[in-house]
There are 2 protein chains.
Amino acid sequence: MGSVVSERAQRPSADATRQRILEAALDAFADQSFDGASLRNIASVAGVTQPLLNYHFRSKADLWRAVVDELFDRLNVTLGHHLRSLVDVEDRIVVHHMVRRFVEFSAHNPQLHRIITSECRADSSRMDYLVEQHIRPLYDAVTTLFARLAVAGDLPDIPPAHLYYLLTGAAPTMFVLGPECRRLSGLDPTDDDVIRTHADAVCTLLFGATHPQTGEYLPPSPPLTGRAHD
Amino acid sequence: MGSVVSERAQRPSADATRQRILEAALDAFADQSFDGASLRNIASVAGVTQPLLNYHFRSKADLWRAVVDELFDRLNVTLGHHLRSLVDVEDRIVVHHMVRRFVEFSAHNPQLHRIITSECRADSSRMDYLVEQHIRPLYDAVTTLFARLAVAGDLPDIPPAHLYYLLTGAAPTMFVLGPECRRLSGLDPTDDDVIRTHADAVCTLLFGATHPQTGEYLPPSPPLTGRAHD
DNA sequence: GCTGTACCTAATCAGTTGATAAGGGATCTG
DNA sequence: CAGATCCCTTATCAACTGATTAGGTACAGC
């Protein structure tokens, strides 16, 4: 077994090694945050030695950026793929589908929101990178889409606070707290029913409920009457 | 001015020092997570030297527990205080008020959810402590309350996924991402209108919308019709 | 005044971190 | 075959971490 083919099999090829490092780093950063994750641990999981991480990626910070870039690339590819598959569908339904895909992706890639929330601090250059490079484009795209639908009369006016939820609020935390979710309520975040319920909840939060008989949309409204005392 | 009183003023008293340390540690753990926060930085912010932290609190882990205990004590005192102030009020309204208070507390104490989310990993003894000591009691209390209201016919049946949201999902993330919330959408998480909108959204998510004319409750429902393709 | 105790600091410890330098070995190119 | 390049490891670096020890100072009780 010493032919040209077996040479390839013996040596895992640099790209494969790079990929294994990225995967190990993704889990480490998500589980233990940037400071808690050590290059030696990541290297150990990837089956290599620590200096190799500094060889392929210049520094720990650059490794982190590579991890984040690949993660958001996967998200954008997934959303774009499903968006293109939705032709001749009512805009309102498109929104619901995309929310569903986002929740789905979040459920199967809990690292996404774990990394975001673990990096959230005022003076963090990594948070700056996350927001400006990846989150803001998504947020702007969603804002633009919703504004277009509102003008077309296809959606009710959505309060900014509810809109902000879509990307940062309602969807993520359940997956950030995935293991505890299971521990407390017995729910499996990756279960299809849970994902659907979750997406429906987000849409209800955005658009309000639909009257079962008339199909009329009702905006999110407080069960509190106007006269709130205390 | 060299009397007994001025002696007190000169020496900050051990309790005050302890409190300053706890406050500095709370901010540090919330901003930089457990591993990222160093005892020397915390001590510096508190105006003392690092070994004093090991003197008052045995270890870094014990300091973290003291911080968490005090934080949840404040939450429970706040919720308990408002709960006792709500007499002769319809149960459904009580729930809304309590959600409002929880959102309010979260907005003014963003460290609460930052610490929770930063500690979320499968094999973390600190997460175990958080869940078993503080989160589970809250979760059980809310579950019990909602079950009682459902039996009394005062609330619609609430899907477990929505209920889970109340404590871990809808409310927290906007405050975890507080600074970015402001950066992206211009919203101020501590603004009263934002807090009210936020609490209303959570309640809508739990109870569904209220029909403006009939007052009829509509459960959270998907804008998707039954025939979801793809 | 003497002693003991509570609160706090300077000095120091071993362990871990990210980063770098030096070198080995395989592959490719001439 | 000779040299260059790529991929990877061992050895080592300074910096920083949490923790400990020893000491110092103020106050309380006797």
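Reminder, nothing fancy here: chain letters follow the sequence lines and each chain counts from 1. Nothing here was measured: the structure is a model prediction, and the numbers come from that model.
Side-chain contact annotation: B:Gln50 with B:Asn54, donor-acceptor N/O pair under 3.5 Å present.
With a 4.5 Å cut-off on side-chain heavy atoms, A:Val142 and A:Leu138 do not count as touching. Between A:Met98 and A:Leu86, the closest side-chain pair of non-hydrogen atoms falls below 4.5 Å.
Scanning for side chain to side chain contact (heavy atoms under 4.5 Å, CB included) contacts around B:Ala25 gives B:Phe29, B:Ile42, B:Leu63, B:Val67, with sequence neighbours left out.
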B:Arg65/B:Asp62 under salt bridge (charged side-chain N to carboxylate O under 4.0 Å, His left out): CA gap, chis, key distance, verdict: CA-CA 5 Å; B:Arg65 274 190 286 271; B:Asp62 284 350; 2.5 Å; yes

Candidate pair B:Glu23 and B:Arg20, rule salt bridge (charged side-chain N to carboxylate O under 4.0 Å, His left out), full reasoning: CA-CA 5 Å; B:Glu23 286 171 21; B:Arg20 278 210 323 280; over 6 Å; no

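In this structure, B:Tyr55 does not reach the C:dC8 phosphate: none of its side-chain N or O atoms is under 4.0 Å from OP1 or OP2. Considering only side-chain N and O atoms, A:His56 lies nowhere under 4.0 angstrom from the phosphate OP1 or OP2 of D:dC6.
When the P atom of C:dT16 is taken as reference, atom CG of A:Asn41 falls 11 Å away, rounded to whole Å. Atom pair B:Leu52:CG and C:dA10:P shows a separation of 11 Å (rounding to whole Å applied). Atoms CZ (B:Phe57) and C1' (D:dA19) sit 16 Å apart, rounded to a whole Å.
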Base-contact (B) and sugar-phosphate-only (S) positions in nucleotides 18-23 of chain C, heavy-atom cut-off under 4.0 Å, - elsewhere: BBB---

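The stretch residues 62-70 of chain A has no heavy atom under 4.0 Å from DNA chain C, so no residue of it qualifies as close.
Open room surrounds CZ on A:Arg58; 12 or fewer heavy atoms of other groups in view lie less than 6.0 Å from it.
For the side-chain hydrogen bond (donor to acceptor under 3.5 Å, both in side chains) with A:Asp69, the qualifying choice from A:His134, A:Gln133, A:Arg74 is A:His134, the only one to do so.
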